[in-house]
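Whatever order the structure lists ligands and atoms in, that order sets their numbers, starting from 1.
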Amino acid sequence: MPANKQRVIVVGGGLAGLMTTIKLAEAGVPVDLFSIVPVKRSHSVCAQGGINGAKNLKGEGDSPENHFDDTVYGGDFLANQPPVKAMCYAAPAIIDLFDRMGVMFNRTPEGLLDFRRFGGTLFCRTAFAGATTGQQLLYALDEQVRRHEDAGLVRKFEFWEYLRAVLDEDRVCRGIVAVDVRNLEVRHFRADATVICTGGPGLVFGRSTNSIINTGAACARAYQQGAYYANGEFVQVHPTAIPGEDKLRLMSESARGEGGRVWVYGDSDKVYENPFIRDDKGNPRKFKCGETGKPWYFLEEMYPKYGNLVPRDVATREIFMICTRMGLGVRGENRVFLDLTHKDPAELDRKLGGILEIYEKFVGQDPKHVPMEIFPAVHYSMGGLWVDFNQMSNIQGLYVGGEAEYQYHGANRLGANSLLSCIYAGMVIGPNAVGYLKSLKKSADDVPESVFDGHRKIEEDDLASIGRMKGRENAHLMWREMGQMMTNNVTIVRYNKQLQETDDKLREYQERWNQIDVADTTRTWNTSVLFAKQYRDMLHLARCITQSALARNESRGSHYKPEFPDRDDEKFLKTTKAAFTPDGPKLEYEAVDTSLIKPRARKYASD
Ligand SMILES: Cc1cc2nc3c(=O)[nH]c(=O)nc-3n(C[C@H](O)[C@H](O)[C@H](O)COP(=O)(O)OP(=O)(O)OC[C@H]3O[C@@H](n4cnc5c(N)ncnc54)[C@H](O)[C@@H]3O)c2cc1C
């Protein structure tokens with residue numbers, strides 16, 4: 001088939017989408033790039049702390065193999081190992097690539113790239129550009145994409161929302177249907193391959209550290225069309241966020257990477273029986289809760305080697321327990337101190353400027369002089385659409401990259417590994433999609449127009465009927481309620497009874513959704529109609545996440561059930577694959593490829 005007839009659609013202009021676009025354009029393949037917001041406002045722009053790559057410039061003996069081991073161990077062995085290994089080995093060159101593109105990474109006084117420590121490793125492996133790394137990386141890729149746009153290889157469709165994949169009679173993906181969010185015009189677009197890079201589903205949990213685009217609706221739509229959703233139950237709750245009424249603003253792990261210490265005032269009358277650290281007989285280890293009235297640096301005491309930089313799932317659980325079970329939170333509330341006041345203010349400005357400003361702006365106190373008050377918040381999804389090692393979903397011609405897919409982090413993601421996995425996935429998808437295009441016997445142009453019309457009509461009718469809804473329910477209020485319930489029951493500590501009640505309630509919300517009122521009847525920037533549709537998709541995803549959690553009767557990585565406190569490799573060293581049915585997800589399990597590193601117990605306290 002002549003290459004010039006073929007084109008690829010990339011949905012999403014974050015790091016994963018832009019890198020995919022660049023790799024395709026470099027191979028001469030035309031790309032149509034879709035994004036709800038201008039690509040430079042994609043959520044990747046918010047990433048703060050850095051990107052991992054074992055360059056060992058500090059002479060600590062770090063290596064890609066160490067990075068691989070930390071990632072697999074940090075993910076509690078749930079990730080298929082070959083792609084993780086390939087990513088970790090590619091990481092140093094990825095950092096060099098961005099350095100050459102002009103990203104202003106911080107440097108040491110000798111002029112070398114600077115690296116800091118992040119959670120779940122003992123090495124300084126995280127390259128960073130102050131505390132605005134995501135922005136610098138995204139802008140660097142945007143510049144490259146604009147060169148290809150200028151050359152006519154890339155067409156951008158900003159303010160267009162993906163609604164569905166166009167599947168032909170053989171269920172091969174031949175393009176997409178999308179809506180122009182400015183005027184509700186629905187159109188179909190032909191393509192020989194489609195790549196979904198639409199980011200994570202943070203909004204399913206209501207308030208999170210994510211931006212408001214991260215509904216997960218695009219993935220939910222692919223799921224409803226037959227794509228598997230994998231490991232949905234693995235949701236990362238970041239240990240350090242600034243509590244807020246509107247959202248929970250991240251306080252990046254880089255604050256601890258630069259020496260930030262987590263503490264609460266001790267209480268020498270209290271003893272904490274730590275369920276996560278056991279003695280030789282398997283009993284919880286007992287910790288005296290510091291000295292009354294003095295700072296108790298509980299992470300440093302419990303995890304002497306990793307200290308404040310234990311992996312996120314570990315730090316989050318401890319902070320949660322210290323506040324909720326031991327009642328030691330600041331002023332008895334759900335918050336602990338994150339303290340940088342012992343550090344040199346000038347150095348803090350140089351390395352953490354952006355995030356300290358955020359704290360000062362929203363809390364009104366200068367963290368260089370007053371300890372910050374923080375609490376865990378929903379942050380990231382290890383789960384996502386299932387993909388094979390070439391990043392193709394189980395729908396032929398539909399690829400997935402970035403936080404939208406599940407492949408690189410297992411049961412818990414290490415900090416600064418996501419920017420890496422997004423960029424790396426783009427580098428994998430590009431050449432694989434080119435190979436796929438070459439293998440096609442038939443082009444999207446050969447598919448009858450009626451197939452595209454059929455898919456487009458489904459979406460036109462759906463949006464029109466949502467626009468006519470005149471019920472009693474308010475979609476935004478229901479979404480807030482759902483988010484609170486998901487946060488309470490499907491995050492840090494999970495009980496089967498509550499998970500079941502949550503799923504029952506989600507079914508009730510699905511019923512109530514039919515009674516919502518869409519007050520806005522205009523076609524101009526009608527976000528009410530689009531949000532109502534996204535919310536219906538979020539409900540499907542919420543059920544998928546909740547039921548996947550209900551079925552996994554073990555504790556692994558971010559998934560902790562006190563009723564099943566141990567990891568159960570025999571039954572659950574498996575990827576959850578959820579298939580959509582109108583009655584809820586149907587779950588199946590797939591063996592994890594652990595061919596390179598033998599699973600071992602995860603013991604950060606005694607390592
Ligand atoms: C506050 C914060 C700080 C972080 N800091 C770090 C860090 O320092 N290091 C690290 O490794 N990770 C970090 N992460 C995680 C990391 O930022 C994200 O996982 C990553 O940026 C996701 O990139 P992405 O390309 O997959 O998606 P995104 O950057 O979220 O982009 C998604 C794109 O899809 C588009 N889109 C979504 N839905 C649709 C639709 N239906 N139709 C059309 N377009 C759509 C959006 O417009 C956007 O262009 C951080 C996360 C948060 C929340």
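Within the cation-pi definition used here (under 6.0 Å to the ring centroid, within 45° of the axis), Arg413 qualifies as a partner of Tyr380. Tyr359 does not carry Arg249 over the face of its six-membered ring by the limits of under 6.0 Å from the centre and within 45° of the normal. For Arg116 and Phe128, the positive end sits near the middle of the six-membered ring, less than 6.0 Å away and at most 45° from its axis.
By heavy-atom distance, the residue among Gly49, Ala47, Gly50 lying nearest atom 9 (N) of ligand 1 is Gly50. Closest heavy-atom approach to atom 15 (C) of ligand 1 within the set His43, Arg413, Arg164: this belongs to Arg413.
Atoms of ligand 1 found under 4.0 Å from any heavy atom of Ala218, numbered from 1 in the order shown, are 41 (N).
With respect to atom 25 (O) of ligand 1, the closest heavy atom belonging to the protein is Ala16 N, 3.0 Å. The protein heavy-atom contact nearest to atom 26 (O) of ligand 1 is Glu403 N, 2.9 Å.
Residue-to-ligand polar distances place Ser35 within reach of ligand 1: an N/O pair is separated by less than 3.5 Å. Residue contacts with ligand 1: Arg221 is placed with no nitrogen or oxygen under 3.5 Å of a nitrogen or oxygen of the ligand (distance criterion only). Taking only nitrogen or oxygen atoms, main chain and side chain alike, Glu161 does not reach within less than 3.5 Å of ligand 1. For ligand 1, the polar-atom distance check against Gly13 finds a nitrogen or oxygen pair separated by under 3.5 Å.
With a 4.0 Å cut-off on non-hydrogen atoms, Ser252 does not touch ligand 1 at all. Counting heavy atoms closer than 4.0 Å to ligand 1, residue Trp160 contributes backbone atoms (N, CA, C, O) but none from C-beta onward. With a 4.0 Å heavy-atom cut-off, ligand 1 is reached by the side chain of Val11 but not by its N, CA, C or O.
In summary, Lys533 and Glu459 engage in a salt bridge, as defined by a charged side-chain N under 4.0 Å from a carboxylate O.
By the ring pair (Phe, Tyr, Trp, His ring centres under 6.0 Å) test, Phe118 pairs with no residue at all, sequence neighbours left out.
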